[in-house]
Amino acid sequence: MLPIEKRIKTREDLKRFIKTERAKYGNPWGGGILLTRERDILAMHNYLLRKAEYHKNVGNKIRYVLYRFGLARLQNKYCLRIPLNCCDEGLKIMHVGPILMNGNGRVGKNCSIHINTGLVANGLNSEAPTLGDGVVVGFGAVVLGGVTIADNVAIGANAVVTRDILETNVAVAGVPAKIISNNGRLNWNNRPSNI
């Protein structure tokens, strides 16, 4: 769970979070109110998530219940299990599909999460993962237990992270995950064009 000072507590915080996340999905709601496009669904999810967080944090119970109900319907329909007050500003869900996140976990700013991923406790205790800023969690990856992931780490597809990754800007993959390159999220845009 995010520390209290990083949660949405003012209308300005709410507007900033929504504006940042809406920009990540291009022109959301271009498909109309029926939410027919994937990016419309994901933008609406983040909108409802942030509104529910804000109203819960400021103690507006009636609006919280209304937004939480809408969020729960959308999350249940698309198997998105993302609890309130766990993700910092700039969350981007890459595709509609199952995501499971422990309520004690923490996700930093500008993180991207693919489908079929899990950020969960390992069963031995209730500790949950802490992701730094700019982390990318690849398709099917699982981060187990109270591990800490540094900033700008790229977690490969189907990786299982069971230990801390304290080096910044690296890529990890495998079962169990280990560092495979120094080309994390920051270097991805500088890769050769033939990759």
Side-chain angles (χ1 to χ4, degrees), residues 1-30 33 35 37-115 117-121 126-137 143 146-153 155 168 185:
M1 195 162 267
L2 289 176
I4 292 175
E5 62 272 4
K6 290 194 171 197
R7 295 182 191 175
I8 302 172
K9 298 178 297 299
T10 66
R11 287 194 179 272
E12 291 75 27
D13 290 344
L14 177 63
K15 288 177 184 177
R16 189 182 74 247
F17 272 62
I18 290 173
K19 182 179 178 182
T20 301
E21 291 171 1
R22 188 174 285 175
K24 291 182 177 284
Y25 293 105
N27 179 24
W29 298 292
I33 197 163
L35 300 177
R37 298 184 309 184
E38 183 176 52
R39 68 180 175 185
D40 298 337
I41 294 164
L42 296 172
M44 179 58 77
H45 172 270
N46 282 16
Y47 175 81
L48 293 172
L49 177 73
R50 299 314 184 180
K51 285 283 202 170
E53 287 174 345
Y54 169 71
H55 290 296
K56 179 180 182 179
N57 294 340
V58 299
N60 189 338
K61 292 180 182 177
I62 294 173
R63 287 189 179 176
Y64 163 68
V65 168
L66 292 173
Y67 281 109
R68 186 70 180 109
F69 177 74
L71 177 65
R73 287 189 67 206
L74 197 65
Q75 286 184 335
N76 287 337
K77 184 173 183 179
Y78 297 106
C79 297
L80 298 167
R81 304 291 184 254
I82 300 174
L84 300 180
N85 293 317
C86 287
C87 301
D88 207 340
E89 181 179 351
L91 172 68
K92 182 166 185 187
I93 303 167
M94 301 306 287
H95 298 286
V96 171
I99 295 174
L100 179 61
M101 188 181 301
N102 188 302
N104 294 326
R106 185 182 306 173
V107 176
K109 287 186 177 184
N110 298 312
C111 288
S112 299
I113 302 175
H114 285 267
I115 62 173
T117 57
L119 307 172
V120 294
S126 61
E127 292 180 4
T130 300
L131 276 57
D133 297 340
V135 173
V136 177
V137 182
V143 183
V147 301
T148 300
I149 308 295
D151 295 345
N152 300 308
V153 170
I155 300 172
T168 61
R185 185 174 190 168

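Bear in mind the structure is a predicted one, so any value in this text is a computation, not a measurement.
The environment of Lys56 atom NZ is sparse: at most 12 non-hydrogen atoms of other residues, nucleotides or ligands sit within 6.0 angstrom. Within a 6.0 Å radius of NZ in Lys109, other residues, nucleotides and ligands contribute 12 heavy atoms or fewer.
Val137 has its side chain out of reach of Val107: every pair of non-hydrogen atoms, C-beta onward, lies at least 4.5 Å apart. Contact annotation: the side chain of Leu74 never approaches that of Leu80 to less than 4.5 Å [non-hydrogen atoms, C-beta and beyond]. Looking only at side-chain heavy atoms (C-beta outward), Leu42 and Val96 come within less than 4.5 Å of each other. Side-chain atoms of Arg106 and Pro3, non-hydrogen and from C-beta on, do get closer than 4.5 Å to each other.
With hydrogens and angles disregarded, a donor-acceptor distance shorter than 3.5 Å links the side chain of Asn57 to the backbone of Ile8. Distance alone, capped at 3.5 Å, places no donor-acceptor pair between the Lys51 side chain and the Leu71 backbone. A side-chain donor-acceptor contact under 3.5 Å links Asp151 to the backbone of Asp133. Under a 3.5 Å cut-off, the side chain of Glu53 and the backbone N or O of Leu84 do not form any donor-acceptor pair.
Interatomic distance, Asn85 CG to Leu49 CG, rounded to the nearest 0.5 Å: 8.5 Å. Cys111 contributes atom SG, which lies 8.5 Å from atom CG of Asn152 (distance to the nearest 0.5 angstrom). For the atom pair Leu131 CG and Met101 CE, the distance stands at 8.0 Å (nearest 0.5 Å). Here OH of Tyr25 is found 12.5 Å from CE of Met44. Values are rounded to the nearest 0.5 Å. Atom CG of residue Leu91 and atom OG1 of residue Thr20 lie 11.5 Å apart, to the nearest 0.5 angstrom. Atom-to-atom distance recorded for Ile99:CD1 and Ile115:CD1 is 8.0 Å, nearest 0.5 angstrom.
Taking Gln75 as the reference, His45 meet the side chain to side chain donor-acceptor pair (under 3.5 Å) condition, with sequence neighbours excluded. Listed by chain and number, the residues in a salt bridge (charged side-chain N to carboxylate O under 4.0 Å, His left out) with Asp88 are Lys6 (sequence neighbours excluded).
Residue Lys9 comes nearest to Ile4 through the heavy atom pair NZ-O, 3.3 Å, listed as atom of the first residue, atom of the second, then distance. Between Gly103 and Pro83, the closest heavy-atom pair is CA-CG, 3.5 Å. Residue Val143 comes nearest to Val147 through the heavy atom pair CG1-CG2, 3.3 Å, listed as atom of the first residue, atom of the second, then distance. The heavy-atom pair separating Ala150 from Val135 by the smallest distance is O-CG2, 3.4 Å. Of all the heavy atoms in Met94 and Glu38, the pair that sits closest is O-OE1, 4.3 Å.
Ring-plane geometry between Tyr67 and Tyr47 is classed as perpendicular, the angle between the planes exceeding 60 degrees on a 0 to 90 degree scale with a lower cut at 30.
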- Message: Between Lys92 and Glu21, does the side-chain contact (heavy atoms from CB on, under 4.5 Å) criterion hold? Intermediate values first, please.
- Response: CA-CA 7 Å; Lys92 182 166 185 187; Glu21 291 171 1; over 6 Å; no

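Listed by first and then second residue, the salt bridge (Lys or Arg N to Asp or Glu O under 4.0 Å) pairs involving residues 57-79 amount to none (not counting sequence neighbours).
Partner of Glu89 under the salt bridge (Lys or Arg N to Asp or Glu O under 4.0 Å) criterion, out of Lys24, Arg7, Arg22, Arg16: Arg16 alone.
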